[in-house]
Peer 1: 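I'd like to ask you about the structure that follows.
Numbering of residues begins at 1 and proceeds along the displayed sequence.
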Amino acid sequence: METAIDTFQGYTFHFEWEVAAQEWLQSLIVDSPIGTAIVSMITFFGEQLVLIVVLGFLYWWFDKDFGKFVWTNILVGTMVTPMLKNVAFRRRPYFDNPGIKILKPPVSSAPASDIRAQGYSFPSGHTTNSTILYGSLPVYKKNNKILLVIGFVAPFLVGLSRVMLGAHYITDVLVGWVLGALVLFLVSYLQRRVKREWLLHLVIAIVCIPGFFYCQTADYYISYGMMIGFFLANAFEKRFVNFKSTRSVVRGILRLLGGATLYFGLNALFKYICELIFSEEFLASASFASFAIITVRYVIIMFLIIGVYPLAFDRIGTPKAK
């Protein structure tokens, strides 16, 4: 195993075999625009937009309880991944291996060479999140063979795509699958066994707090804010809203489109407000205060879209539950 350390830019560690295997996998698509496009499409199923659409469909439209179950699983996963990334600080494979190309940067809006913007490599967040998301479907809906196939095939393909695109080492993906499975089954088990929902939420929030003492990347603080906002919204929705799921396709589409628009719209709005109030240097400082603002921002966003937004559902023809 080769190891090198760069104190300021993260750590480089990998097995020789995984670099060779990754170079071979990339050789299958690197000179093929069609092949690269197909693999990029596969990796898309582990990205934020798809997660929002699937979770929004389940929660706002299809089955609220199903949606809450999957939301809780995935939010824990999005917390655990950056907590581990901020321990390993593993550099992405294309930073240190000339034979590995980055065919689709993790953050397309930033230069591929910007390590802070592109994030760290271990473990693979796409792989962990897709394992939890798609694996939660057959765990909740038992004896559904189609969902069972999706639960295994989708995470496998997403993980493979991350290696082929040059964004992750093979070991990043292997650990992502294992981590996703552990979070999936542990949190699913706790959701079914702990009858007091508020207690489970409190325990999860406390267990994830240590990241505040060492995490240096924004993804941890975004995830913690989303998780707390979701937990608070759950209590609010149960007490004051109590909306019903719908089998109307039109109403479901309107709910989903409205929720997705609200999520991304609020994101843009709060970002703009923060840029007006605070200096660019402060927001980019990676200080505890700047990260705290990020956390609060996402607490508010999640509370609004999960707890408050459903108040509008009865205005499009869906009565609230009695």
Side-chain angles (χ1 to χ4, degrees), residues 47-49 51-52 55-56 59 68 70-89 106-107 109-110 115-120 123 125-126 128-129 132-133 179 183 187 197-237 259-260 262-309:
E47 295 184 353
Q48 183 191 55
L49 179 59
L51 298 181
I52 293 295
L55 292 169
Y59 181 77
K68 288 168 62 176
V70 181
W71 264 110
T72 303
N73 287 344
I74 197 69
L75 284 171
V76 174
T78 62
M79 289 297 311
V80 174
T81 302
M83 291 176 75
L84 291 177
K85 284 179 181 283
N86 278 265
V87 172
F89 287 116
V107 180
S109 59
I115 294 177
R116 294 288 295 183
Q118 298 300 337
Y120 298 101
H126 279 69
T128 304
N129 293 339
I132 297 171
L133 175 63
L179 178 62
V183 171
V187 180
E197 189 176 69
W198 67 268
L199 179 60
L200 175 60
H201 291 172
L202 178 61
V203 170
I204 291 174
I206 292 173
V207 168
C208 293
I209 279 181
F212 278 94
F213 295 96
Y214 70 90
C215 285
Q216 302 176 33
T217 53
D219 48 359
Y220 166 80
Y221 300 92
I222 290 172
S223 297
Y224 198 88
M226 292 182 71
M227 183 178 69
I228 297 302
F230 178 78
F231 290 163
L232 294 174
N234 261 334
F236 177 86
E237 190 281 326
L262 186 62
Y263 173 77
F264 290 107
L266 287 172
N267 241 319
L269 176 62
F270 277 92
K271 182 179 179 181
Y272 176 72
I273 292 174
C274 288
E275 290 173 347
L276 284 179
I277 298 175
F278 304 103
S279 68
E280 183 178 346
E281 292 75 19
F282 171 75
L283 294 175
S285 65
S287 64
F288 180 82
S290 65
F291 283 144
I293 290 171
I294 292 176
T295 302
V296 172
R297 169 179 152 191
Y298 279 90
V299 169
I300 297 172
I301 290 173
M302 285 298 290
F303 183 80
L304 290 176
I305 68 168
I306 297 297
V308 178
Y309 169 57

Peer 1: Tell me the closest heavy-atom pair linking F291 and C215, and the distance in Å.
Peer 2: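 Scanning both residues completely, I find the closest heavy atoms to be CE1-O, 4.1 Å.
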Peer 1: Between atom CG of N234 and atom CE of M302, what is the distance when rounded to the nearest 0.5 Å?
Peer 2: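 One gets 9.0 Å once the value is rounded to the nearest 0.5 Å.
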Peer 1: Supply the atom-to-atom distance F270 CZ to L304 CG, rounded to the nearest 0.5 angstrom.
Peer 2: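 So the CZ of F270 and the CG of L304 are separated by 6.0 Å.
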Peer 1: Do you see a donor-acceptor pair shorter than 3.5 Å between the side chains of T217 and N86?
Peer 2: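 Yes, because at least one side-chain N or O of T217 sits under 3.5 Å from a partner of the opposite role on N86.
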Peer 1: Provide the closest heavy-atom pair for Q118 versus P106 in the form atom of the first, atom of the second, distance.
Peer 2: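 Minimum heavy-atom separation between Q118 and P106: OE1-CD, 3.2 Å.
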Peer 1: Evaluate the side-chain proximity of M227 to H201: yes if any heavy-atom separation is below 4.5 Å, no if none is.
Peer 2: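 They are not in side-chain contact.
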Peer 1: Test I132 against V76 for side chain to side chain contact (heavy atoms under 4.5 Å, CB included), laying out the working first.
Peer 2: CA-CA 9 Å; I132 297 171; V76 174; over 6 Å; no
Peer 1: In Å and rounded to the nearest 0.5 Å, what is the CD1 to CD1 distance from I293 to I273?
Peer 2: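 So the gap between those two atoms works out to 12.5 Å.
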Peer 1: Say whether, by atom type as modelled, one donor and one acceptor occur between the side chain of K85 and the main chain of P123 under 3.5 angstrom.
Peer 2: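 Here the side-chain-to-backbone pair exists.
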Peer 1: Is the Y224 to F212 ring centre distance short of 6.0 Å?
Peer 2: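 Y224 vs F212: aromatic centres under 6.0 Å.
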Peer 1: Nearest 0.5 Å please: distance from the CD atom of E237 over to the CG atom of L232.
Peer 2: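 E237 CD to L232 CG: 13.5 Å, rounded to 0.5 Å.
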Peer 1: Kindly compute the distance separating CD1 (I300) from CD1 (I305), expressed to the nearest 0.5 Å.
Peer 2: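 I300 atom CD1 to I305 atom CD1 measures 13.0 Å (nearest 0.5 Å).
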Peer 1: Taking all non-hydrogen atoms of both residues, which atom of M226 and which atom of L75 are closest, and how far apart?
Peer 2: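 Smallest interatomic distance, heavy atoms only, reads CB-CD2, 4.0 Å.
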Peer 1: Please find the pair of heavy atoms, one from F282 and one from S290, that lie closest to each other, and give the distance.
Peer 2: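 Answer, listing the atom of F282 first, then S290: O-CB, 3.4 Å.
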Peer 1: Give the minimum heavy-atom separation between G211 and Y221, together with the two atoms involved.
Peer 2: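 Shortest heavy-atom separation between G211 and Y221 comes out as O-OH, 3.7 Å.
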Peer 1: For F303, which of F236, F231, Y298, F230 qualifies under ring-ring contact (aromatic ring centres under 6.0 Å, His included)?
Peer 2: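 So, applying the ring-ring contact (aromatic ring centres under 6.0 Å, His included) to F303 and each of F236, F231, Y298, F230, only F236 qualifies.
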Peer 1: Kindly check if the number of other-residue, nucleotide or ligand heavy atoms within 6.0 Å of OH (Y214) is above 12?
Peer 2: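 Atom OH in Y214 is packed in, count exceeds 12.
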Peer 1: Set out, in order, the CA-CA distance, both residues' side-chain angles and the distance that settles side chain to side chain contact (heavy atoms under 4.5 Å, CB included) for E275 and E280, then state yes or no.
Peer 2: CA-CA 7 Å; E275 290 173 347; E280 183 178 346; over 6 Å; no
Peer 1: What's the separation between atom CE in M79 and atom OG in S223, rounded to the nearest 0.5 Å?
Peer 2: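 Taking CE in M79 and OG in S223, the distance rounds to 6.0 Å.
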Peer 1: Minimum heavy-atom separation for G77 and V183, please, with both atom names.
Peer 2: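 What the structure gives for the nearest pair is N-CG1, 3.9 Å.
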Peer 1: Side-chain donor-acceptor pair under 3.5 Å between Y263 and Q48, yes or no?
Peer 2: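 Their side chains do contain a donor-acceptor pair, which is all the 3.5 Å distance test asks for.
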Peer 1: Between T81 (side chain only) and T78 (backbone N and O only), is there a donor and an acceptor less than 3.5 Å apart?
Peer 2: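 Pair absent, no side-chain N/O of T81 close to backbone of T78.
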Peer 1: Step by step, would you call L55 with L133 a side chain to side chain contact (heavy atoms under 4.5 Å, CB included)?
Peer 2: CA-CA 9 Å; L55 292 169; L133 175 63; 4.1 Å; yes
